[in-house]
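Read the structure below first, then the notes.
Nothing fancy with the numbering, it's 1 onward along the sequence. The model shown is predicted, which means the values in this text are computed figures rather than measured ones.
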Amino acid sequence: MMKFFLATTICLCSALLPTAKAKAADFNFSPSNTFEVVDGAFGGSFDGLGDEDAVFPGNFDTVFLGTVIEGSEHAEFDLSGFSISSEETITEATYQVTVQANEAFAAGTNGQRPSSIAVRGYVGNGQPDASDFQAGTILDTASISPEDIEELINFDVTSFIQNIVSEQDDFAGFGIRAQTIGAIVLDRGTFSGKGPKLTITTASTKTTVPEPNLALGILASVILGKIAFKKK
C-alpha cells in the first residue's frame, strides 16, 4: 500500500509541475525601402551583375530570369532600434513575401514561371544600390507552382538575422531572384497588406519554476500521506 501511495504521489507531482518553457515574443517589421535591380537592361551586358543605370527605387513587383536579362526585387529592414537582452535569444526569423496570381513576362521567359526562387541576405545601407543584385549569400529557396496562383512564401532567415543583430548592423537586406527561366509578380502590399514582412521571434533563456502555492500543496500531500500511514 505504501509503494502504491508513493508511486501515485510521484505521478501527481510530475503532472502538476509546470514544464520548463521559454516565453516567446514576435516582432514584425515592414521594409524601410524596396527596389528593383536589373542585369542586362537597355542593351547592357548580361553578366550576373546589377546595372548601375537599372536600379528602380520603390519597386517591388516582378522577379524574372530570361535568356538575356534578369531582375531581382529587394527589401531592406531597419533594425537599428531592435535589440535583445542577455537573457533573451532569437529562436526564429522569417522573411515573408506573397507571389501574385498575375501572369508575368520578361524577355526570354516565354510566359512561364520559374520552378523556384531564392532569397539572398546581405548587410544593407537603407538605400538602393546596383551591387545589391549580387550581394550576400543564398539563405533559403522556395518552389513555385507552374500555375498562376497566389502563393505565400516563408523564407527561413534565422541564422542571418541572428548574425545581423549580434554584429549590431543597422539594415538587413533581402534580394529575391529566380533560379530557373521564368517570371513572377510579388505583392507590394500597398492595398492588400500582403507585402514583404520580416518576423523575428525571441524567447527568454530563463525557464519557469513551480508556483509557491503549488509546491507547498505537493509537499503538504506528501506529509499528510506519511502521517496517514503512521497511524495505521
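The backbone N or O of T199 lies less than 3.5 Å from no partner atom in the side chain of T94, so there is not a single donor-acceptor pair. Side chain of E151 to backbone of S145: a donor-acceptor contact under 3.5 angstrom is found. Of the possible polar contacts, one joining the D39 side chain to the D47 backbone as a donor-acceptor pair under 3.5 Å is found. A donor-acceptor pair is defined here as one N or O able to donate and one able to accept, closer than 3.5 Å; such a pair exists between the side chain of N125 and the backbone of Q127. Judged by distance alone, the side chain of E76 and the main-chain N or O of G126 form a donor-acceptor pair under 3.5 Å. Counting only distance, with no hydrogens or angles, the side chain of T98 and the backbone of K194 share a donor-acceptor pair below 3.5 Å. With hydrogens and angles ignored, the 3.5 Å screen pairs no side-chain donor or acceptor of Q179 with any backbone N or O of S115. No donor-acceptor distance shorter than 3.5 angstrom exists from the side chain of N110 to the backbone of Q112, with no hydrogens or angles considered. For T205 (side chain) and E87 (main-chain N/O), a donor-acceptor pair under 3.5 Å exists by modelled atom type. In this structure, the side chain of D51 engages the main chain of G40 through a donor-acceptor pair within 3.5 Å.
Put simply, CZ on R177 and CG on L65 are 8.5 Å apart, with the number rounded to the nearest 0.5 Å. Here CD1 of I181 is found 8.5 Å from CD of E70. Values are rounded to the nearest 0.5 Å. Going from atom OG of S32 over to atom CG of L79 covers 8.5 Å, rounded to the nearest 0.5 Å. Rounding to the nearest 0.5 angstrom, the gap separating the CD1 atom in I90 from the OG1 atom in T158 is 9.0 Å. To the nearest 0.5 Å, the span separating CD1 on I144 from CD1 on I184 amounts to 4.5 Å. Atoms CZ and CZ, from F105 and F64 in turn, are 14.0 Å apart once rounded to the nearest 0.5 Å.
The shortest side-chain heavy-atom distance between R113 and D148 falls under the 4.5 Å cut-off. Between P57 and N33, every side-chain heavy-atom pair lies at or beyond the 4.5 Å cut-off. Within the 4.5 Å cutoff, no side-chain heavy atoms of V119 are placed close to those of I153. In this structure the side chain of I84 never reaches within 4.5 angstrom of the side chain of I200, judged on heavy atoms. The side-chain heavy atoms of L186 and D61, taken from C-beta on, include no pair separated by under 4.5 Å. Residues F82 and T202 are in side-chain contact: their nearest non-hydrogen atoms beyond the backbone lie under 4.5 Å apart.
Using cut-offs of 30° and 60° for the angle between ring planes, the F35 and H74 rings count as parallel. The aromatic rings of Y95 and F155 lie parallel to each other, with less than 30° between the two planes, well short of the 60° mark.
Linking ILVMFWY side-chain heavy atoms closer than 4.5 Å, directly or via other members, places V157 and I138 in two distinct hydrophobic clusters. By the criterion of side-chain heavy atoms lying less than 4.5 angstrom apart, applied directly or through intervening Ile, Leu, Val, Met, Phe, Trp or Tyr residues, I176 is grouped together with I164 in one hydrophobic cluster. Taken together through direct or relayed side-chain contacts under 4.5 Å among Ile, Leu, Val, Met, Phe, Trp and Tyr, L139 and V63 form part of one hydrophobic cluster. Cluster membership for F56 and L49, using ILVMFWY side-chain heavy atoms within less than 4.5 angstrom, is not shared. By the criterion of side-chain heavy atoms lying less than 4.5 angstrom apart, applied directly or through intervening Ile, Leu, Val, Met, Phe, Trp or Tyr residues, L198 is not grouped with Y122; the two fall into different hydrophobic clusters.
The shortest heavy-atom contact between G50 and V37 is CA-CG1, 3.7 Å. For A118 against T141, the heavy-atom pair with the smallest separation is CB-CG2, 3.9 Å. Closest of all the heavy-atom pairs between T109 and G66 is CG2-CA, 3.9 Å. I117 approaches P114 most closely through the heavy-atom pair CG2-CG, 4.2 Å. Considering every non-hydrogen atom in both F174 and I161, the closest pair reads CZ-CD1, 4.0 Å. Scanning all heavy atoms of the two residues, the minimum distance from A54 to F42 falls at CB-CE1, 4.1 Å.
A cation-pi arrangement, defined by a distance under 6.0 Å to the six-membered ring centre and an angle within 45 degrees of its axis, is absent between R120 and F133.
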- prompt: Can you check side-chain contact (heavy atoms from CB on, under 4.5 Å) on T137 and F160, steps first, answer last?
  reply: CA-CA 10 Å; T137 57; F160 172 69; over 6 Å; no
- request: Show the numbers, then the answer: is there a side chain to side chain donor-acceptor pair (under 3.5 Å) between S131 and D129?
  value: CA-CA 5 Å; S131 59; D129 295 304; 5.1 Å; no
